[in-house]
Amino acid sequence: MGTLPASAEEAVARLRREVGDIHQELVRYRLVVWTAGNVSARVPGHDLLVIKPSGVPYEELSPRDMIVCDLDGTVVDGELSPSSDTAAHAYVYRHMPHVGGVVHTHSTYASAWAARGEAVPCVLTAMADEFGAEIPVGPFALIGDDSIGRGIVETLSGHRSPAVLMRSHGVFTIGKDARAAVKAAVMCEDVARTVHIARQLGEPRPLAQADVDRLHDRYQNVYGQPGAAR
Ligand SMILES: O=C(CO)[C@@H](O)[C@H](O)COP(=O)(O)O
């Protein structure tokens with residue numbers, strides 16, 4: 001096991017609290033059952049990430065349980081085993097330097113689209129706002145090496161969406177920080193549900209690309225309070 005640089009200790013302590021606490025949002029928004037989801041955050045200025053421990057019930061998570069890993073997924077600081085998706089999170093951080101947070105869930109409606117290997121079409125203004133496009137499908141990949149991370153990066157690189165439906169598996173989202181990635185996971189499940197319901201009654205109508213662009217620009221740059229997180 002490596003050693004945690006002294007220069008990272010303050011940021012790690014903060015991220016252990018934030019990452020531990022934000023897992024409750026997965027429960028609150030019903031994105032997970034049992035322990036089937038995880039959140040990580042990049043440690044700014046360091047090739048390190050903070051991620052939840054594998055298989056620990058969310059109600060038992062505490063800041064000291066959070067694991068610090070390097071961007072190869074090797075544990076640097078922590079007593080427990082890191083999430084089984086650590087390799088995927090680490091791969092994303094290595095190959096997408098703008099990403100500060102990664103989330104994985106098996107949320108029901110989004111995972112149903114993943115089971116069909118079908119992208120969620122951009123047919124709602126809320127999708128244009130948050131995703132700026134369809135929510136794409138990534139390749140089927142087995143857990144245990146860089147396959148899932150590679151599929152996430154190959155699908156989302158150059159794509160507006162912060163969410164990808166990994167075929168036959170579930171949702172991975174990215175964001176500038178863990179909160180942004182969690183929000184993307186919440187919104188992904190919401191629109192996956194709405195579009196699924198719409199499709200039971202007919203074919204949803206597509207949005208014009210120009211309208212998608214305008215809506216996305218407004219939401220990403222104007223919506224909410226100046227300087228506040230969206
Ligand atoms: O999809 C899988 C396993 O197939 C994982 O995402 C688990 O569902 C969550 O694993 P931990 O983060 O608790 O290790």
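Residue numbers count from 1 along this sequence.
Residues Ile148 and Ile143 have side chains in contact (heavy-atom distance under 4.5 Å, counting atoms from C-beta outward). Counting only heavy atoms from C-beta outward, the side chains of Pro53 and Leu61 approach each other to under 4.5 Å. With a 4.5 Å cut-off on side-chain heavy atoms, Val92 and Ile174 count as touching. With a 4.5 Å cut-off on side-chain heavy atoms, Ile51 and Val19 do not count as touching. In this structure, the side chains of Cys188 and Leu165 come closer than 4.5 Å at one or more pairs of heavy atoms. Ile67 places a side-chain heavy atom less than 4.5 Å from the side chain of Leu80. The shortest side-chain heavy-atom distance between Ile135 and Val191 falls under the 4.5 Å cut-off. Here the side chains of Met66 and Lys52 are in contact, with some heavy-atom distance below 4.5 Å.
Formation of a donor-acceptor pair under 3.5 Å by the Thr105 side chain with backbone atoms of Gly37 is not found in this model. Between the Asn221 side chain and the Asp217 main chain, a donor and an acceptor come within less than 3.5 Å of each other. Side chain of Arg218 to main chain of Tyr223: no donor-acceptor pair is present (N/O by atom type, distance under 3.5 Å, no hydrogens or angles). For the pair Lys183 (side chain) and Glu130 (backbone), a donor-acceptor distance under 3.5 Å is absent. With hydrogens and angles disregarded, a donor-acceptor distance shorter than 3.5 Å links the side chain of His23 to the backbone of Val39. Remark: the backbone N or O of Ser54 is not paired with any side-chain donor or acceptor of Ser83 at under 3.5 angstrom. At distances below 3.5 Å, not a single donor-acceptor pair connects side-chain atoms of Arg167 with backbone N or O atoms of Val137. His216 places no side-chain N or O within 3.5 Å of a backbone atom of Val212 that could act as its donor or acceptor partner.
Taking each heavy atom of Gly175 and Ala180 in turn, the nearest pair found is CA-CB, 4.0 Å. In plain terms, the two heavy atoms of Tyr93 and Ser40 that are nearest each other are OH-OG, 2.6 Å. When all heavy atoms of Leu15 and Pro44 are compared, the closest pair comes out as CD1-CD, 4.0 Å. Of all non-hydrogen atoms in Phe172 and Val102, the two that sit nearest each other are CD2-CG1, 4.5 Å. Cys69 approaches Pro82 most closely through the heavy-atom pair SG-CB, 4.0 Å.
Counting heavy-atom neighbours within 6.0 Å of Gln225 CD, excluding the residue itself, gives a total of 12 or less.
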Residues 115-128, side-chain donor-acceptor partners within the protein, below 3.5 Å, at least two apart:
residue: Arg116; atom: NE; partner: Glu118; partner atom: OE1; Å: 3.1
residue: Glu118; atom: OE1; partner: Arg199; partner atom: NH2; Å: 3.1
residue: Glu118; atom: OE2; partner: Arg199; partner atom: NH1; Å: 2.5
residue: Glu118; atom: OE2; partner: Arg199; partner atom: NH2; Å: 3.0

Result block: side-chain N/O donor-acceptor pairs under 3.5 angstrom for residues 24-32, not counting sequence neighbours:
residue: Gln24; atom: NE2; partner: Tyr58; partner atom: O; Å: 2.8
residue: Glu25; atom: OE1; partner: Arg28; partner atom: NH1; Å: 2.8

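With sequence neighbours left out, Arg14 forms a salt bridge (charged side-chain N to carboxylate O under 4.0 Å, His left out) with Glu18. Thr108 meets the side-chain contact (heavy atoms from CB on, under 4.5 Å) test with Glu189; sequence neighbours excluded. For Arg150, the salt bridge (charged side-chain N to carboxylate O under 4.0 Å, His left out) criterion is met by no residue, not counting sequence neighbours.
Cluster membership check: Val195 does not share its hydrophobic cluster with Val164, using side-chain heavy-atom separations under 4.5 Å among Ile, Leu, Val, Met, Phe, Trp and Tyr. Note on Leu71 and Ile152: same hydrophobic cluster, where clusters join Ile, Leu, Val, Met, Phe, Trp and Tyr whose side-chain heavy atoms are under 4.5 Å apart, directly or indirectly. Two different hydrophobic clusters hold Val103 and Met187 under the rule that ILVMFWY side chains link at heavy-atom gaps under 4.5 Å. The hydrophobic clustering, which links ILVMFWY residues whose side-chain heavy atoms are closer than 4.5 Å, places Val153 and Met166 together.
Here Glu79 does not pair with Arg64 in a salt bridge; the nearest charged N to carboxylate O distance is not below 4.0 Å. Ion pairing between a basic and an acidic side chain is recognised when a charged N comes within 4.0 Å of a carboxylate O; Asp77 and Arg16 show such pairing. With respect to the salt-bridge test (charged N to carboxylate O, under 4.0 angstrom), the residues Asp213 and Arg160 qualify.
A distance of 4.5 Å separates CG in Asn38 from CG in Asp85, rounded to the nearest 0.5 Å.
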Check the pair His104, His89 against side-chain hydrogen bond (donor to acceptor under 3.5 Å, both in side chains), reporting the backbone distance first and the verdict last.
CA-CA 9 Å; His104 171 49; His89 290 237; over 6 Å; no

Chi angles and distances behind the side chain to side chain contact (heavy atoms under 4.5 Å, CB included) call for Ser161, Glu134
CA-CA 7 Å; Ser161 173; Glu134 68 174 16; over 6 Å; no

Check the pair Asp145, Ser147 against side-chain hydrogen bond (donor to acceptor under 3.5 Å, both in side chains), reporting the backbone distance first and the verdict last.
CA-CA 6 Å; Asp145 57 23; Ser147 303; 2.6 Å; yes

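Residue Arg94 forms a side-chain hydrogen bond (donor to acceptor under 3.5 Å, both in side chains) with just one option from Asp70, Asp146, Asp47, and that option is Asp146.
For residues 107-165, the ring-ring contact (aromatic ring centres under 6.0 Å, His included) pairs, not counting sequence neighbours, are Tyr109-His196.
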